[in-house]
Amino acid sequence: MTKVCPETEERTLQEPVLTVSTDVSFASNHFPTYKLGPDNEIVDEPKEDEKGPSVKETVEEESQLLSDQHKRLSVRDLASKFDKKLAAAVSLADEAKLKEVASLEGHVMLKKLRDALEYMRGRTDGQNKKDVEKAISMVEALAVKLTQNEGELIQEKFEVKKLGNFLKQASEDAKKLVNHEKSFACAEIESARAVVLRLGEAFEEQKRSSEASRAQGPDVEKLAEEVQEARQIKRMHHPTKVMGMQHELHGLRSRIQEKYMNSVRLHQEIATIKRAEESISCPFVLEGTQSLGSCLKIHVSAPDNAIDLSNCSIQWYRAACETSRREAISGSNQAVYAPEPFDVGRILQADILSNGQKVTVTTDGPIDPDAGLQSRIESLMKKSNSDFSVVISQMNGQDYASRSHVLTIGKTRIKLSRGWITKAREIYSTSMQLCGVRGNIKAPAKALFWQPRKSLTFTLTFESEQERNTAIALARKYAFDCNVTLLGPDD
């Protein structure tokens with residue numbers, strides 16, 4: 001009886017041997033000569049070559065060369081390595097296919113052998129039958145082991161296939177990277193070539209210009225000397241004339257400035273005389289400080305005059321000067337008017353129609369600004385929101401009794417609230433209006449008119465005149481930043 005044993009193959013992987021670079025240089029081309037004494041000690045040390053480089057310099061040079069050689073590892077080398085690995089993976093896959101065919105043939109042979117042994121077991125008895133059964137068990141064990149080897153082969157085939165796909169993809173990526181780097185390098189070379197050509201042309205142009213300047217050098221120097229001499233002669237003969245013209249111009253400017261100031265003063269005196277004459281004959285007089293934060297009132301000039309202001313028709317106007325076109329202040333038809341920031345620098349007038357006669361009263365000059373208004377606005381604009389304590393005097397034209405509210409003026413909107421209850425909150429828009437109060441109300445210098453949107457209006461009273469004017473000016477600045485002009489009705 002012959003035993004059938006599976007053949008096992010052992011395959012050893014040879015690791016690549018690292019070779020020494022051919023461009024490495026040593027300090028000398030032979031071994032050093034020295035003598036050994038007792039206990040392997042060096043008796044005579046080799047003498048250094050004074051002409052050759054030192055060991056430190058040699059090591060630094062070799063290190064630099066090796067570093068440069070390492071950096072020269074290009075993308076093309078990587079692509080070739082990936083191609084080699086891919087070829088090795090393909091060869092492994094072919095070997096796996098051969099192993100699969102051999103395994104199939106082994107299964108067929110084992111089946112034939114088992115059938116032959118089964119046939120022999122039926123025809124033998126005794127010791128021979130036991131040997132046949134033992135051989136059958138060995139064949140079955142070989143079949144099981146062959147099946148296990150097939151499983152391992154399938155797993156190895158799958159891993160080889162996966163590795164081959166990975167290496168194939170890596171090789172394609174490396175080729176793409178090579179092509180990209182090649183195109184980029186070509187572009188860089190072309191740009192460098194163009195720069196070199198431009199530099200060459202510039203050098204040639206500079207060379208030609210320098211040669212031309214050398215050829216024309218004597219003429220240019222002679223011409224420059226002539227120009228310098230001409231300038232000196234001109235300065236020598238005309239300094240007094242130029243200085244005299246400058247003094248005359250200075251005198252003319254001073255005389256014109258003096259005449260202008262005299263004319264302005266005369267105009268002011270004439271206007272004052274006219275207003276005095278009109279006030280003597282005018283039955284009405286304008287009282288109050290003509291500045292921002294005050295209140296202007298129209299009174300009857302003579303106490304014994306029987307004119308009743310309540311029966312008169314009044315309309316206020318603003319104008320840049322007394323001779324310019326007037327602009328009617330819509331809604332200001334009362335005997336009292338409080339100037340607002342928009343009136344600063346303008347003259348205020350009031351037309352009074354009484355018994356069919358119209359009388360005009362005018363301020364002595366433009367409305368003066370509030371001295372600290374600009375500084376307060378600049379300090380408040382550093383904040384995102386500014387809160388003012390107000391009282392609602394009127395709502396939609398009707399008297400309104402309320403407690404203190406908070407008017408919040410922000411960079412994009414205005415809000416009126418009390419605690420967590422919001423009365424109105426609107427962003428800056430063309431439908432919003434904000435100005436000083438123009439109706440008949442108590443303390444008009446502290447009150448303003450606000451229309452957040454159509455069909456909703458408020459008359460708000462502040463704690464002081466300064467806060468009211470500050471709130472108006474601050475809201476108009478924020479609205480202007482939002483491309484909105486925030487004025488009163490019909491302004």
Side-chain angles (χ1 to χ4, degrees), residues 288-297 316 318 320 329 332 336-348 363-394 402-419 422-429 432-439 441-452 457-489 491:
T289 306
Q290 299 175 7
S291 63
L292 187 63
S294 64
C295 188
L296 300 177
K297 297 179 182 180
W316 290 83
R318 63 168 68 96
I329 304 174
S332 57
V336 178
Y337 179 74
E340 61 155 294
F342 191 64
D343 298 324
V344 173
R346 301 188 181 189
I347 293 174
L348 295 180
T363 57
D364 296 336
I367 300 299
D368 297 328
D370 186 359
L373 179 62
Q374 188 64 28
S375 60
R376 288 196 298 271
I377 293 174
E378 290 177 357
S379 62
L380 291 176
M381 288 188 71
K382 297 178 182 178
K383 305 177 183 178
S384 58
N385 296 311
S386 300
D387 296 335
F388 299 90
S389 179
V390 298
V391 175
I392 302 176
S393 301
Q394 291 182 358
S402 70
R403 297 180 181 178
S404 178
H405 287 69
V406 176
L407 181 68
T408 303
I409 298 178
K411 295 184 182 294
T412 58
R413 66 183 181 181
I414 300 178
K415 182 177 72 171
L416 180 63
S417 62
R418 175 178 171 80
T422 301
K423 285 283 185 181
R425 180 175 57 190
E426 293 293 333
I427 61 173
Y428 298 112
S429 62
M432 182 181 291
Q433 295 179 358
L434 183 71
C435 63
V437 71
R438 299 173 181 177
I441 191 173
K442 185 179 179 181
K446 299 180 181 180
L448 64 78
F449 170 80
W450 179 41
Q451 176 183 304
T457 59
F458 293 97
T459 300
L460 307 176
T461 302
F462 289 75
E463 294 180 350
S464 65
E465 296 85 353
Q466 290 182 349
E467 288 195 359
R468 173 250 202 185
N469 296 325
T470 303
I472 294 174
L474 185 63
R476 285 175 179 171
K477 282 186 177 292
Y478 285 151
F480 182 77
D481 294 339
C482 298
N483 297 324
V484 175
T485 302
L486 199 60
L487 297 174
D491 284 347

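Model, not experiment: these values are computed from the prediction.
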>> Walk me through whether Val390 and Leu416 qualify under side chain to side chain contact (heavy atoms under 4.5 Å, CB included).
In response: CA-CA 9 Å; Val390 298; Leu416 180 63; 3.9 Å; yes
> Rounded to the nearest 0.5 Å, how far does SG of Cys482 lie from CE of Met432?
Replying inline: 10.0 Å
> Looking only at heavy atoms, which two atoms of Asn385 and Gly410 are closest? And how far apart?
Replying inline: OD1-CA, 3.2 Å
> Who are the salt bridge (Lys or Arg N to Asp or Glu O under 4.0 Å) partners of Arg468, not counting sequence neighbours?
Replying inline: none
>> Would you compute the distance between atom CG of Leu380 and atom CD1 of Ile409 and round it to the nearest 0.5 angstrom?
In response: 9.0 Å
>> Holding to side chain to side chain contact (heavy atoms under 4.5 Å, CB included), I want the full list of residues that pass it with Gln451, two or more places apart in sequence or in another chain.
In response: Gln433, Phe449, Lys454, Thr457
> For Ser464, which residues count as a side chain to side chain donor-acceptor pair (under 3.5 Å) partner, sequence neighbours excluded?
Replying inline: none
>> Once side chain to side chain contact (heavy atoms under 4.5 Å, CB included) is applied, do any residues pair with Ser402, and if so which ones, sequence neighbours excluded?
In response: Val391, Ile392, Tyr400, His405
>> Distance check, rounded to the nearest 0.5 Å: Trp316 atom CH2 versus Leu296 atom CG?
In response: 5.0 Å
> Measuring from Asp343:CG to Tyr337:OH, what's the distance to the nearest 0.5 Å?
Replying inline: 3.5 Å
>> Ignoring hydrogens, what is the shortest heavy-atom contact between Cys435 and Pro489? Give both atom names and the distance.
In response: SG-CD, 3.8 Å
> Who are the side chain to side chain donor-acceptor pair (under 3.5 Å) partners of Glu426, not counting sequence neighbours?
Replying inline: Arg453
>> My understanding is that only residues two or more places apart in sequence, or in another chain, count here; which of them pass side chain to side chain donor-acceptor pair (under 3.5 Å) with Ser404?
In response: Ser389
> Does anything in residues 474-484 pair up under side-chain hydrogen bond (donor to acceptor under 3.5 Å, both in side chains), and if so which pairs, sequence neighbours excluded?
Replying inline: Glu340-Arg476
Would you be so kind as to tabulate the donor-acceptor pairs closer than 3.5 Å made by side chains of residues 366-379, with sequence neighbours excluded?
{"unit_1": "Asp370", "atom_1": "OD2", "unit_2": "Arg376", "atom_2": "NH2", "d": "3.0"}
{"unit_1": "Ser375", "atom_1": "OG", "unit_2": "Gly372", "atom_2": "O", "d": "3.0"}
{"unit_1": "Arg376", "atom_1": "NE", "unit_2": "Thr470", "atom_2": "OG1", "d": "3.3"}
{"unit_1": "Arg376", "atom_1": "NH1", "unit_2": "Gly372", "atom_2": "O", "d": "3.4"}
{"unit_1": "Ser379", "atom_1": "OG", "unit_2": "Ser375", "atom_2": "O", "d": "3.4"}
{"unit_1": "Ser379", "atom_1": "OG", "unit_2": "Arg376", "atom_2": "O", "d": "2.7"}

> Which heavy atom in Ser429 sits nearest to a heavy atom in Val484, and how many Å separate them?
Replying inline: O-CG1, 3.3 Å
> How far does CG of Leu292 sit from CD of Gln466, to the nearest 0.5 angstrom?
Replying inline: 9.5 Å
>> Among residues at least two apart in sequence or on other chains, which ones pass side chain to side chain donor-acceptor pair (under 3.5 Å) with Tyr428?
In response: none
> Going by the salt bridge (Lys or Arg N to Asp or Glu O under 4.0 Å) test, which pairs reach into residues 405-418, not counting sequence neighbours?
Replying inline: none
> Distance from Leu486 atom CG to Leu434 atom CG, nearest 0.5 Å?
Replying inline: 5.0 Å
>> Test of understanding: with side chain to side chain contact (heavy atoms under 4.5 Å, CB included), list the residues that count as partners of Ala424, not counting sequence neighbours.
In response: Trp450, Pro452, Leu456, Phe458
